[in-house]
Student: 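Dropping a structure here in structure tokens format, bear with me for questions.
Side-chain atoms are counted along with the backbone in the values below, which use heavy atoms only and exclude waters and symmetry mates.
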Amino acid sequence: MTLLALRLLEERTGRPLRVVTELTDDRNRPLAPLDPGSDVIVSGELTGLLMAQIAQNRHLAAVFNELFSADGSTICLRPAGHYVRPGSVTTFATVVAAARDRGECAIGYRRHDRRATPPDHGVRLNPPKAERREWTPDDQVILVATDPPTPPPPDAQLPTPTQEDAHGSPPRTRQ
């Protein structure tokens, strides 16, 4: 019913909506017509895929439990300025190291200047660690994190490019 109400709202306002629909029964898929940017998740299929992964590697059970539990980790976007100095040119390895130092796991980023450009809207997942780019104040880092976001203290030493960083080696924080 909710999906049908959203489709009606979409028709009345003329604004396209991106909708992710969860179905418990794959036979109901024809009731959820897909528009570009919309998606359907069949929870039974998802459960089956997770079970197959766990059957292949039992250690993944703890990972999935953490990711899918209500009080577990979340995937979130946080300002790139919490991890690198805006305006600096650094590798993604620098961002990963800064996130690690905060107890987080950087898995990608979102470029502010491409946020309105389909199909990816500036999102880059799992970029090469040696990839160098200039970070703007409005860029965001995609993270797996457990704690609520906290900005770095004003006197925090953010990672800056080092000689090793230029060659793709792990970055260091300058003091």
Student: Hey, mind stepping through R132 and F92 against side chain to side chain contact (heavy atoms under 4.5 Å, CB included) and telling me if it holds?
Tutor: CA-CA 7 Å; R132 298 179 61 75; F92 187 65; over 6 Å; no
Student: Checking side chain to side chain contact (heavy atoms under 4.5 Å, CB included) against R133, which of D139, V84, T91 comes through?
Tutor: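 Looking at D139, V84, T91, the match for R133 under the side chain to side chain contact (heavy atoms under 4.5 Å, CB included) is D139.
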Student: Is there a path from F64 to M51 through hydrophobic residues (I, L, V, M, F, W, Y) whose side chains come within less than 4.5 Å of each other?
Tutor: no
Student: Go through it in stages, so that I can follow the logic: the residues are H82 and V141, the test is side chain to side chain contact (heavy atoms under 4.5 Å, CB included), and I'd like the CA-CA distance, side-chain angles, deciding distance and then a yes or no.
Tutor: CA-CA 9 Å; H82 289 195; V141 177; over 6 Å; no
Student: How many angstroms lie between atom CG of L8 and atom CD of E10, to the nearest 0.5 angstrom?
Tutor: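 If we round to the nearest 0.5 Å, L8:CG and E10:CD are 10.0 Å apart.
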Student: If every non-hydrogen atom of P127 is compared with every non-hydrogen atom of G108, which pair is closest and at what distance?
Tutor: CD-CA, 3.9 Å
Student: Set out, in order, the CA-CA distance, both residues' side-chain angles and the distance that settles side chain to side chain contact (heavy atoms under 4.5 Å, CB included) for I142 and L125, then state yes or no.
Tutor: CA-CA 8 Å; I142 304 169; L125 293 175; 3.8 Å; yes
Student: Could you note down all residue pairs passing salt bridge (Lys or Arg N to Asp or Glu O under 4.0 Å) where residues 105-115 supplies at least one of them, sequence neighbours left out?
Tutor: R111-D113
Student: Would you indicate whether the side-chain heavy atoms of E66 and T146 approach each other to under 4.5 Å?
Tutor: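 Of all side-chain heavy-atom pairs linking E66 with T146, at least one is under 4.5 Å.
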Student: For residues W135 and S88, is any side-chain donor paired with an opposing acceptor at under 3.5 Å?
Tutor: no
Student: Mark yes or no for whether T94, through its side chain, and T90, through its backbone, hold a donor-acceptor pair below 3.5 Å.
Tutor: no
Student: Please name the pair of heavy atoms, one in A106 and one in L143, separated by the smallest distance, quoted to 0.1 Å.
Tutor: CA-CD2, 3.8 Å
Student: In chain order, what residues pass the side chain to side chain donor-acceptor pair (under 3.5 Å) check against E131, with sequence neighbours excluded?
Tutor: Y109, R124
Student: Measure the CD-CZ distance between Q53 and R58 for me, rounded to the nearest 0.5 Å.
Tutor: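 That separation rounds to 15.5 Å.
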Student: Is there side-chain contact between V144 and T74, with at least one heavy-atom pair below 4.5 Å?
Tutor: no
Student: Mind checking salt bridge (Lys or Arg N to Asp or Glu O under 4.0 Å) for E134 and listing every partner two or more places apart, or none if nothing turns up?
Tutor: none
